[in-house]
Every structure is written in C-alpha cells, then in structure tokens.
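Data block below; observations after.
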Amino acid sequence: MADSKNFGEDFKRRLRETKTTRWVRFGIVSLVFLLWVIWLGDPWVFLCWFLLFDIYITGYIPFTWWKKSKNKGVRTVMGWVDAIVYALVLVYFIFAFVGQNYKIPSSSLEKTLLIGDYLWVNKAVYGPRVPQTPLHFPLAQHTLPVVNTKSYIDAVQFDYHRLPGLRDVERYDIVVFNAPCGDTVPVLSPEPDYYHIVHALENGGGVKDGRRYIAENPDVFGPVVVRPVDRRENFVKRAIGLPGDRLKIADDIVYINGKPLKEPEYVQHNYIVPVTSGISSEQWKSAGVSMKDAGSAPMSMPGIPFPFYDVPLTRKALETVRSWPEIAGTIERRSSLMQPMTDGIFPLWGNPGWSLQNMGEFWIPKQGSTLRLTLANLPVYRRAIEAYEGNKVDVRDGRIYINGRQTDYYTFKMDYYWMMGDNRDNSSDSRYWGFVPEDHIVGTPMAVLVSFDDEAPGLGLRTDRILHTANPDK
C-alpha cells in the first residue's frame, strides 16, 4: 500500500515539475502521433503513446542518463549518439511514409530523366506502404556500404498494407518500384537477374538445370540471396498498361484495348544513321546524344554500304540529324534492319515468339477479376500467380492445378501494371520480366533535386535541371 502511495506521489511530483514548454511539445507530438495512428488504421500502435508520455513528461525510463554523468567524455559521446539516433528515426519515418531521394543509374528513361539525376520520390501520392521489413537501416536499400552486409533483418516481416493515398497510378506516370525480378539475386554475378541467368544457361548455355548449376558454382555466382519485396532494387519506368487493360505491341507501337497509344514526347528509338564521315561529340551533343550512346567513331556492318552510328533519338532529334550534311542515306530504325530478339523476352518459359517490338495481345491482371486459364496463356500469368500471390501451380496430363486443386480459373488478389522505359531499345522493363505487382510500387518522382553530368568537365552540375519536373509529359 505504501509503495502504491509513494508511486502516486512521485508521479504527481513529476507532472508538477514538468515545464509548460515541454507540455506544449508533448501535446504537438501527441496530436501528430494520433493522426499517424488514424492514418495507419491500427489502434494497437496507439499503445506507443505511453512511451512518448514517459519520454516527454514522467521520465521513468532513463533515456537521458548520460546527461547526469560526471564524465565529460561520456556526455559528449552520448550527446552525439543521441542526436544521430533521433536523426535516423526521423529519416526512417520520412523515407517510409513521405518520400525519399533516388538516383537515376541508367538511360532507360532518357531524355525524360537523365543519368545523374537525383529525384525526390513522393510516396504519399499512391499511399505509402507500411514497411514490410520494419527492421532496416533507412539510408541503405539492401546492403550496407563498406562492410558489405545486409542492411535489414528479415526475421520480422509484415503483410503488405498500403495507407490511403491521393490517387491511383495513372497512365504515363513515371513510377519508382521494387524490381519484380529482384527477389532472388546471385551476389557476384554482373547480371543480377537470377531468372534470366537461369534461362540463358538452359537455353544456349548447355546446362540442363540452371538453378542447380548456379548453386554448385558459388565461386562464379556467389551466394544466392532472397530479398523481401521492399528491400529489392528500385527501378524507375513509365506506367504504360493499367490493371484490366488489354495490351499489344506491334512494330514498336503499343496498343491499349485495340487503340494505338500516343508516345510521350521524349520517347527514343535506336536508329541506324549512315554517314560519310565521323561526327564530333559536340555535334552529337547538340542533338541530345551522349558520347556513351554515339561512340567515338562510326561502325561498319555487312549489308550496310556506309559507316553508321547506332544511336537513340527522339522525334525532334531525328529531324535535327536528318538535316546534317554528313548523312549518307536513309536513316532507319534499328529494329527494321535487325533480326528481332526473342530470347530473354517475357514470358521467359513458354515465350510464343514475342520480341521487344512485337508482343501478342494479353490482359493485365486486375484485383478481384477472374481469368480463364489455358495452357497457352499460363506462361504469361504463372509468375504472378506463384511468386507474387503465393500459390503453387502444376501442370499434369494437360490440366492446370493450383495448390493441388484442378482448375481452369484464377481470381487475382492484386492489381498489376505494365512498365516501360522511354529509351525503348535500351530499357530493361516489363517486356523482359512482365507485370509489376501493386505491392512493389514505391511512389512517383516529383522533381529533380540536382543533376550531375559525368561526361562534362569538373563537377558537371546541370543547373538547368535543378528542381526540374520529373515527369514533363503529365
């Protein structure tokens, strides 16, 4: 009884001794926390409010014990630790629920987004995902630099849940998402796409079982790691097909529900440009072509009478290049001159002869919609049914079995999207690895924060791209 009385008196004393300014800060933090809990839709999280009450008001848990230390070194070190921890917690919540920076590493969206662009990606537009892997270091996607170890602990995994957002993904949106092919990664391979490595080994590599071969050759491929959805590599592409659409590609033209889709302004296709002489880097740059794309000198090939460059061009750049006096003949798309590539194109196993430029019509899965499955269309949807929605698919005696039960129908649990790069002949996108599930969507880039050109002298700062819109076609 005495202990209870002493605790009550001590509790009241702590309340009385708390400064008004601290009560005000606690009130503001409590309001923000309450709104966040309402947004999360999980009342159990509100129990953490009692921890906030102790941190700001009562102080029973000695979080700030070091402030009373007589050792100046302890106070200094712990002061820095305290500041860093607070900063990391703040960064964690901002990156998880508001947005984060993202660097463009490849040319798949040139000229809309450039290599060296640093973007601010808004996660609130589509509704942020509640972290599926909550125990992770907020400044590293999956690997800690220097020490080269995992930046997350996957012992705790939450089911996918997305908070309410402002709108759904719309056609032509540029979208950041976790790589659908990034769940399984051989860490030493220069090509991180495990499934395309397996396919290449089994189709032309003389290997019967690609998965077993990779496992038996760790000196070549390294250990094979499996990453949670939200810890996979981040990709950025343009949303071309939406849930429920019927999509087809014919001669490089994308058709949605039977109608040709208007290409965004900055879409590029590769062209064979025949020339009478070499073209300088400055001249190529005036047409928006980098030296990485143009190369240092023209190439030659049997069947093409002139030296030529193989370069990606927008419609505007194509008109510019056509006017140059060095042009020796007709500029044609590379795809019209080269044999179409069908190897490695979606669907990897069971590809009916599709290529980057020509893909037969198919339906993009929509949440709650039921599809009639056949042996002909199963390769298109099998990975979505198995890998993304957690089912087991078998084919026995010409019949399809899902989780051991024979069926000709499947109802999808999630929405799916078809993503493509604007640099159409130089983009690893849905034409290679198929649909992007809803739970892989991260957000949409809002602006270019800063941009650096690695081909320019010095720092290479592109001042004209600072705070430039990240999606000029919207």
Side-chain angles (χ1 to χ4, degrees), residues 103-117 189-193 196 200 235-238 251-252 263-345 355-357 420-429 431-432 451-462 464-465:
K103 180 186 177 183
I104 295 293
S106 70
S107 64
S108 68
L109 276 168
E110 299 258 3
K111 296 298 190 230
T112 306
L113 297 175
L114 306 180
I115 295 176
D117 280 352
S189 174
E191 170 55 66
D193 189 338
H196 279 80
F235 281 7
V236 57
K237 309 290 178 187
R238 191 182 294 278
D251 297 328
D252 272 333
E263 288 189 340
E265 178 183 356
Y266 292 105
V267 161
Q268 298 184 117
H269 296 276
N270 268 64
Y271 290 85
I272 301 300
V273 181
V275 293
T276 57
S277 62
I279 295 175
S280 69
S281 60
E282 291 77 14
Q283 191 169 343
W284 278 122
K285 193 170 184 178
S286 71
V289 178
S290 70
M291 287 309 297
K292 287 182 180 179
D293 290 329
S296 58
M299 300 176 284
S300 60
M301 182 179 295
I304 300 180
F306 295 97
F308 67 91
Y309 288 90
D310 180 1
V311 291
L313 300 171
T314 62
R315 291 189 297 272
K316 184 177 179 180
L318 176 61
E319 293 305 312
T320 298
V321 173
R322 277 177 174 158
S323 67
W324 291 350
E326 296 90 349
I327 302 306
T330 303
I331 299 176
E332 296 188 62
R333 280 196 187 177
R334 181 174 68 186
S335 59
S336 66
L337 299 175
M338 306 295 183
Q339 185 72 22
M341 185 184 75
T342 59
D343 188 44
I345 303 302
S355 67
L356 289 180
Q357 293 77 30
M420 293 175 65
D422 287 354
N423 195 358
R424 290 291 165 83
D425 297 311
N426 302 281
S427 174
S428 173
D429 54 33
R431 294 169 296 172
Y432 289 94
S451 182
F452 298 96
D453 183 357
D454 61 2
E455 292 186 0
L459 187 62
L461 177 65
R462 300 184 181 110
D464 61 320
R465 292 192 64 78

Check your understanding: In Å and rounded to the nearest 0.5 Å, what is the OG1 to CD distance from T314 to E265?
Key -> 8.0 Å

Study note, to complete from the structure: dist M301:CE -> I272:CD1 (nearest 0.5 Å) comes out at 6.5 Å

**Study point:** Nearest-0.5 Å distance, OG1 of residue T330 to CZ of residue R322
**Key:** 8.5 Å

Practice item. Salt-bridge test for D429 and R431: reply yes if a basic N is under 4.0 Å from a carboxylate O, no otherwise. Key: yes

Review point. Which atom names give the shortest non-hydrogen contact between N426 and P312, and what distance separates them?
Key: ND2-CB, 4.2 Å

Practice item. Check for a donor-acceptor pair, side chain of Y309 on one end and backbone N or O of I279 on the other, with a separation under 3.5 Å. Key: yes

Practice item. Using modelled atom types only, decide if a donor and an acceptor are shared between the side chain of N270 and the backbone of D425 within a distance under 3.5 Å. Key: no

Practice item. Give, for atom OG of S323 and atom CG of L318, the distance between the pair rounded to the nearest 0.5 Å. Key: 10.0 Å

Exercise for review: Taking only Lys NZ, Arg NE, NH1 and NH2, and the carboxylate oxygens of Asp or Glu, determine whether R424 and D252 approach each other closer than 4.0 Å.
Suggested key: no

Exercise for review: Decide yes or no on side-chain contact (heavy atoms from CB on, under 4.5 Å) for V275 and F308, but give the supporting numbers first.
Suggested key: CA-CA 6 Å; V275 293; F308 67 91; 5.8 Å; no

Exercise for review: Compare all side-chain heavy atoms of L313 with those of Q268 and state whether any distance is below 4.5 angstrom.
Suggested key: no

Revision key, fill the gap. Smallest heavy-atom separation, E326 atom then S277 atom, equals CG-OG, 3.7 Å

**Study point:** R334 (side chain) donor-acceptor with Y271 (main chain) under 3.5 angstrom
**Key:** no

Exercise for review: Could you walk me through whether D454 and K292 pass side-chain contact (heavy atoms from CB on, under 4.5 Å), step by step?
Suggested key: CA-CA 10 Å; D454 61 2; K292 287 182 180 179; 2.8 Å; yes

Practice item. Please name the pair of heavy atoms, one in P298 and one in G278, separated by the smallest distance, quoted to 0.1 Å. Key: CD-CA, 4.2 Å

Exercise for review: For residues A294 and V289, report the shortest heavy-atom separation together with the two atoms involved.
Suggested key: CB-CG1, 3.9 Å

Exercise for review: Go through the structure and list residues passing side-chain hydrogen bond (donor to acceptor under 3.5 Å, both in side chains) with R315, not counting sequence neighbours.
Suggested key: none

Point to revise | Residues S108 and N423: side-chain donor-acceptor under 3.5 angstrom | key: no

Review point. Are any side-chain N or O atoms of D117 and backbone N or O atoms of I104, one a donor and one an acceptor, separated by less than 3.5 Å?
Key: no

Check your understanding: In Å and rounded to the nearest 0.5 Å, what is the CG to OG distance from L109 to S427?
Key -> 6.5 Å

Exercise for review: Compare every heavy atom of K103 with every heavy atom of G116, then report the nearest pair and how far apart it is.
Suggested key: CA-CE, 4.5 Å

Check your understanding: Would a distance-only check, ignoring hydrogens and angles, find a side-chain to backbone donor-acceptor pair under 3.5 Å from K237 to S428?
Key -> yes

Study note, to complete from the structure: Nearest heavy-atom contact between P274 and F306 is CB-CB, 4.0 Å

Check your understanding: Is R238 close to T112 at the side-chain level, that is, under 4.5 Å between some pair of heavy atoms?
Key -> yes

Point to revise | Gap separating the CD atom of Q283 from the CH2 atom of W324, nearest 0.5 angstrom | key: 4.5 Å

Review point. Of all residues at least two apart in sequence or in a different chain, which pass the side-chain hydrogen bond (donor to acceptor under 3.5 Å, both in side chains) check with D293?
Key: S290

Review point. Considering residues, nucleotides and ligands other than Y266, do more than 12 of their heavy atoms fall under 6.0 Å from its OH?
Key: no

